[in-house]
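Start at 1 with the first residue, then count along the sequence. Values below: all heavy atoms of this structure, side chains included; hydrogens, waters and symmetry mates excluded.
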Amino acid sequence: MKFIKFLFVLTFILTSCNKDYNSVGVDLIDNKPFNTSIEEIPVFAKMNKIPPYISNAITTFQLGTYEDNIYGKTSVSFLSQLGLETVNPVFGIFKQTDEENGIEDNIAAIEEEETIKNVFLDIPFFTNVDDDDNDGVINLYDVDSEDPYSDSDGDGVSDADESNAGQNPLDPDTDGDGILDGEDTESINPNGGATIYELDSLIGNSNAKFKLKVSELEYFLRPFDPEDNFESYQKYYSNNIIPDNFSGTVLFDEEVEINSNELVFYNEDDPETEEDDESETVKERLTPRIRVALDNSFFQSKILNNEGLSDFANAENFKLFLKGIIIDAYDFSDPLLMILNFSEAEIRIVYEYQKYNKNDTDDDTSDDVIESIEANYKLNLNGIKLNSFKHDSYPLAVTNAINDTINNPETIYLKGGEGVMAEIELFKDNDGNDILEEIRSKEWLVNEANLSIYINKDMLSSSGGIIEPSRLYLYDIVNKAPLIDYFIDNSAGAKEYQNKIVHGGYIELDEDKNGMMYKIRISEHIKNVIRKDSTNVKLGLVVSSDISNSMNIEVKNKEAMTFIPSSSAINPLGTVLIGPSPSAEHYDKRMRLDLYYTKLND
C-alpha cells in the first residue's frame, strides 16, 4: 500500500473568473428565461496552532530531519516494542531442557550450541515500480516510458531486448568487460537482474549521508492508562521527548546511505555438486530498505541464551523482558525525512546450531557426524509504535499571524503534523458579518461551488522555496467528518493515490511548475446550506497526503480543537496561502468561494 505521495503532484490547470462580491459576473449563457453567472462570496478565516496529537494512534511513521526556511527544523525519532515470531521459540531442533537432559526413543539430543552469526534490522522503503511499457525499466529511469523499444542506456539494444536477455537495460556494459552490450555476445547481468526501484516518501536529499543509531529501549510502554484504572489505552503524544536514561545498550551507531536497488542474495556453493555452482542461484530478493547489522552479543545473551524461559511464553511477558528499541537518525549531510514502511520492519536473527547426523545408519556410528546448520528467527516491530518530534520555534512573523485570531488575515500559514490549520466560516464578510440570508433571498440555483485558495508565491520564493504539499483537505469541524462532496466523489486518476479528483484539493501548477493554487469543489455542501437550510458549520483546512483516509486523531490540549485529521498528522509539509483580506496587489487572488448559479430572469 502506498500513501504519502508528497513529492508527486497532480496538476489540474483550470481557468477561473474573478469578480467582487455584490457585482454580478459576466453571463455564461445569454439565453432567456435563465441567466447563469458567477459570484465571488467572501469567507472568514483564522489560524490555530495544532497541539501535540496521540502519536501511537497513527500507522505511518517518520524518521529523520525536515527543514525549510519558513517553519524551521523538525527532527523525528522512532520507538517500538518488539514481538516474537512465535511464542516459546525453540532454537535449533530440540528444546533446551531436552538438550540438557536428553530424550527417549534413541533420538540423539545433543547440546546444539546455538550461536549468532548475524543480526539485521530491516526497515523497507515505500517503493514504486510503475513500468507503463513493461520493458523492465520503471518510468522514473525510462527514457521513453511509452515505448518498450527505447534505449535508456544508449548501448544500441532496446530496454525490452536487454531485459529479456538478462542484461541490465540501465547499464551500457552489463558485465563490465569494456564491451557494450550491443556488441557483447556473452554479456550477463552479474547482480542477477536486480530491480532498481523508485523510492517513495523521501523528503529532502535522498543522496544524503547520515548516522543511524539503534538502542535498546529501557522504558516499558504500558498499553493501558493507570490514571484511568487501566480501563483505557495509554496515550503517548507527539511531543514526548526520549530521556537519555530510557536508552540502554547501543546496538548500532554508524553512517549509512540509501540504496534504491533490490537486495539480491545467493546460495552457498555445495562442494559435493561439482557440476553445479549454487553460488550463481538466487536465494532471496528483498525490496530496497535500510539494513544495518546489530550487536550480535546482545542478541546472543538476550535471546538465544534464554531459550525456554517464561519471558518467551507470551507476548506480554516478552515486552516486559525486552521493552523495545529506539531508532534515531542524526548528522545529516543534507536534511532528509523518511516515511518508512515500519509495519514490515523486522529484526532478523541468523544463527547456527549443531546437529547430530547418523546418515541413516542407526547401527553404524562410524559415519556419524556433527553438522553446523543455519537457521533464522525474527523479531517483529509490533505492539506500541510512536514518533517523537523535536520542533524549532516558528519565526516571529509566523507566530504573530497564528496568534492573531481577531482580524481576517491577509496571509494563511498551513503546516502538517504538529503544525498550523485554518478554521474557515463561509458566507461571512471581512468583519465577520453573516451574509447567508442575503444569498438565500436571491433564490439562486447553485450549479457549482469551489473554494479557491491561491498560494502566496512571493513569500515562498523570498524564503528560498519549500516543498509544497500536493493536496489540501477541507472537513467539517463540528461533526468531525468530511463534507458530502467527499463522500459522493468516487473519481480516481491513473494512480491509486489520485482519488476524489472532482472534490479536488490538488495543487495546480504555473508554467514554471511552481504551485499556483488549490481548488476544492463543495457544490453539494453549498446547495444543502443555501437550499435546505443545513447548518453552515465551521470548516477546517489542513495540508494532507492521501485524503482517502478520513480518520481523526485526538489532540492533547483541547482549548482550540479536539482532533486533527490523521492524513494531516503524518504530513510534515507546509505552505503559505493568500488569505481572505490580502493587500491590493493580491486582492484578485484572495481566498473566497466561487459560486456558479442560475437565476430566472426578471
Asker: Are L483 and L539 packed together at the side-chain level, in the sense that at least one heavy-atom pair is separated by less than 4.5 angstrom?
Answerer: yes

Asker: According to ring-ring contact (aromatic ring centres under 6.0 Å, His included), who are the partners of Y233, at least two apart in sequence or on a separate chain?
Answerer: F224

Asker: Taking the side chain from N571 and the backbone from S544, do they hold a donor-acceptor pair closer than 3.5 Å?
Answerer: yes

Asker: For a side chain to side chain donor-acceptor pair (under 3.5 Å) check, start with the C-alpha distance between N456 and Y413, then their side-chain angles and the critical distance, and finish with the verdict.
Answerer: CA-CA 10 Å; N456 193 325; Y413 293 91; over 6 Å; no

Asker: For F342 and F61, take the angle between the two ring planes, folded into 0 to 90°, and tell me which bin it lands in: parallel under 30, tilted 30 to 60, perpendicular over 60.
Answerer: perpendicular

Asker: Just by modelled atom types, is the I384 backbone N or O under 3.5 Å from a matching donor or acceptor in the Q81 side chain?
Answerer: yes

Asker: Could you state the interatomic distance from OG1 (T287) to CG (N261), rounded to the nearest 0.5 Å?
Answerer: 12.0 Å

Asker: Measure the spacing between CZ of F252 and CD of E254 and express it to the nearest 0.5 Å.
Answerer: 4.0 Å

Asker: Quick one, N341 with S343, criterion side chain to side chain donor-acceptor pair (under 3.5 Å). Give me CA distance, side-chain angles, the key distance, then yes/no.
Answerer: CA-CA 5 Å; N341 190 1; S343 63; 2.7 Å; yes

Asker: Take D458 and H586, measure what side chain to side chain donor-acceptor pair (under 3.5 Å) needs, and give me the verdict at the end.
Answerer: CA-CA 10 Å; D458 294 340; H586 288 145; 3.2 Å; yes

Asker: Does N450 use its side chain to pair, donor to acceptor, with the backbone of K519 at less than 3.5 Å?
Answerer: no

Asker: Taking all heavy atoms of K211 and all of D331, pick out the closest pair and write down the distance.
Answerer: CD-OD2, 3.9 Å

Asker: Can you check whether Y377 and F299 have ring centres sitting under 6.0 Å from each other?
Answerer: no

Asker: If you define the side chain from C-beta out and look only at heavy atoms, does anything of L541 sit under 4.5 Å from I453?
Answerer: yes

Asker: If you look at every heavy atom in P580 and R590, which pair is closest and at what distance?
Answerer: O-CB, 3.9 Å

Asker: Using side-chain heavy atoms (C-beta onward) and a distance below 4.5 Å, is F125 in contact with I290?
Answerer: yes

Asker: Given F427 and I41, is the side chain to side chain contact (heavy atoms under 4.5 Å, CB included) satisfied, shown in steps?
Answerer: CA-CA 6 Å; F427 303 106; I41 310 297; 3.6 Å; yes

Asker: Give me the atom names and distance for the closest heavy-atom approach of I50 to E418.
Answerer: O-CG, 3.6 Å

Asker: Got a salt bridge between R289 and D122, using NZ or NE/NH1/NH2 to carboxylate O under 4.0 Å?
Answerer: yes

Asker: Quick one: does N239's side chain get under 4.5 Å of K556's, heavy atoms only?
Answerer: yes

Asker: Who pairs with N514 by side chain to side chain donor-acceptor pair (under 3.5 Å), at least two apart in sequence or on another chain?
Answerer: none

Asker: Should the heavy atoms of other residues, nucleotides or ligands under 6.0 Å from CD of E227 be counted, would the total exceed 12?
Answerer: no

Asker: Dump the intermediate steps for side chain to side chain donor-acceptor pair (under 3.5 Å) on S491 and D489, then the final yes or no.
Answerer: CA-CA 6 Å; S491 61; D489 184 3; 2.6 Å; yes

Asker: Give the C-alpha distance, both sets of side-chain angles, the deciding distance and a yes or no for side chain to side chain contact (heavy atoms under 4.5 Å, CB included) between L460 and I70.
Answerer: CA-CA 8 Å; L460 294 189; I70 294 177; 3.5 Å; yes

Asker: May I ask you to decide if I570's main-chain N or O and Q62's side chain share a donor-acceptor pair within less than 3.5 Å?
Answerer: yes

Asker: Does a donor on one side chain sit under 3.5 Å from an acceptor on the other, for N305 and Q300?
Answerer: yes

Asker: Checking the side chain of N306 only, and the main-chain atoms of S301 only, is there a donor and an acceptor separated by less than 3.5 Å?
Answerer: yes

Asker: Can you list the residues that meet the side chain to side chain donor-acceptor pair (under 3.5 Å) rule with S388, with sequence neighbours excluded?
Answerer: none

Asker: For K319 versus N382, what's the shortest heavy-atom pair and its separation?
Answerer: NZ-OD1, 3.5 Å

Asker: Where do Y394 and K49 come nearest, in terms of heavy atoms and distance?
Answerer: CE1-CE, 3.6 Å

Asker: Under 3.5 Å, is there a donor-acceptor pair between the side chain of E468 and the main chain of G515?
Answerer: yes

Asker: Shortest non-hydrogen contact from V250 to S215?
Answerer: CG2-OG, 4.1 Å

Asker: Counting only N and O atoms by type, is there a donor-acceptor contact under 3.5 Å from the side chain of S568 to the main-chain atoms of G416?
Answerer: no

Asker: Mind checking the OG-CD spacing from S75 to E67? Nearest 0.5 Å is all I need.
Answerer: 8.5 Å

Asker: Checking salt bridge (Lys or Arg N to Asp or Glu O under 4.0 Å) between K378 and each of E85, E346, E344, which is the one that passes?
Answerer: E346

Asker: Please check if the side chain of N536 supplies one atom and the backbone of L436 the other of a donor-acceptor pair under 3.5 Å.
Answerer: no

Asker: Considering only heavy atoms from C-beta outward, does the side chain of P572 approach that of T74 to under 4.5 Å?
Answerer: no

Asker: Hey, are the side chains of F44 and N433 touching, using non-hydrogen atoms and a 4.5 Å cut-off?
Answerer: no

Asker: Between S333 and K209 (side chain of the first, backbone of the second, donor and acceptor by atom type, cut-off under 3.5 Å), is there such a pair?
Answerer: yes

Asker: For residues I347 and L121, determine if any side-chain heavy atom of one lies less than 4.5 Å from a side-chain heavy atom of the other.
Answerer: yes

Asker: Would you check, one step at a time, whether the test side chain to side chain contact (heavy atoms under 4.5 Å, CB included) holds for L322 with I303?
Answerer: CA-CA 9 Å; L322 181 54; I303 304 297; 4.2 Å; yes

Asker: Which residue in the set I116, N376, L294 passes side chain to side chain contact (heavy atoms under 4.5 Å, CB included) when paired with I349?
Answerer: I116

Asker: Above 12 or not: heavy atoms from other molecules or residues under 6.0 Å from NZ of K558?
Answerer: yes

Asker: Any idea how F321 and F318 line up, ring-wise: parallel (<30°), tilted (30 to 60°), or perpendicular (>60°)?
Answerer: tilted

Asker: What I'd like to find out is whether the side chain of V529 reaches to under 4.5 Å of the side chain of L426, using heavy atoms alone.
Answerer: no

Asker: Is a side-chain N or O of Y197 found less than 3.5 angstrom from the main chain of N259, in a donor-acceptor match?
Answerer: no

Asker: For a side chain to side chain contact (heavy atoms under 4.5 Å, CB included) check, start with the C-alpha distance between F126 and L340, then their side-chain angles and the critical distance, and finish with the verdict.
Answerer: CA-CA 6 Å; F126 289 108; L340 300 169; 5.6 Å; no

Asker: Check for me whether K500 meets the cation-pi criterion with Y486, that is, NZ or CZ under 6.0 Å from the six-membered ring centre and within 45 degrees of the ring axis.
Answerer: yes

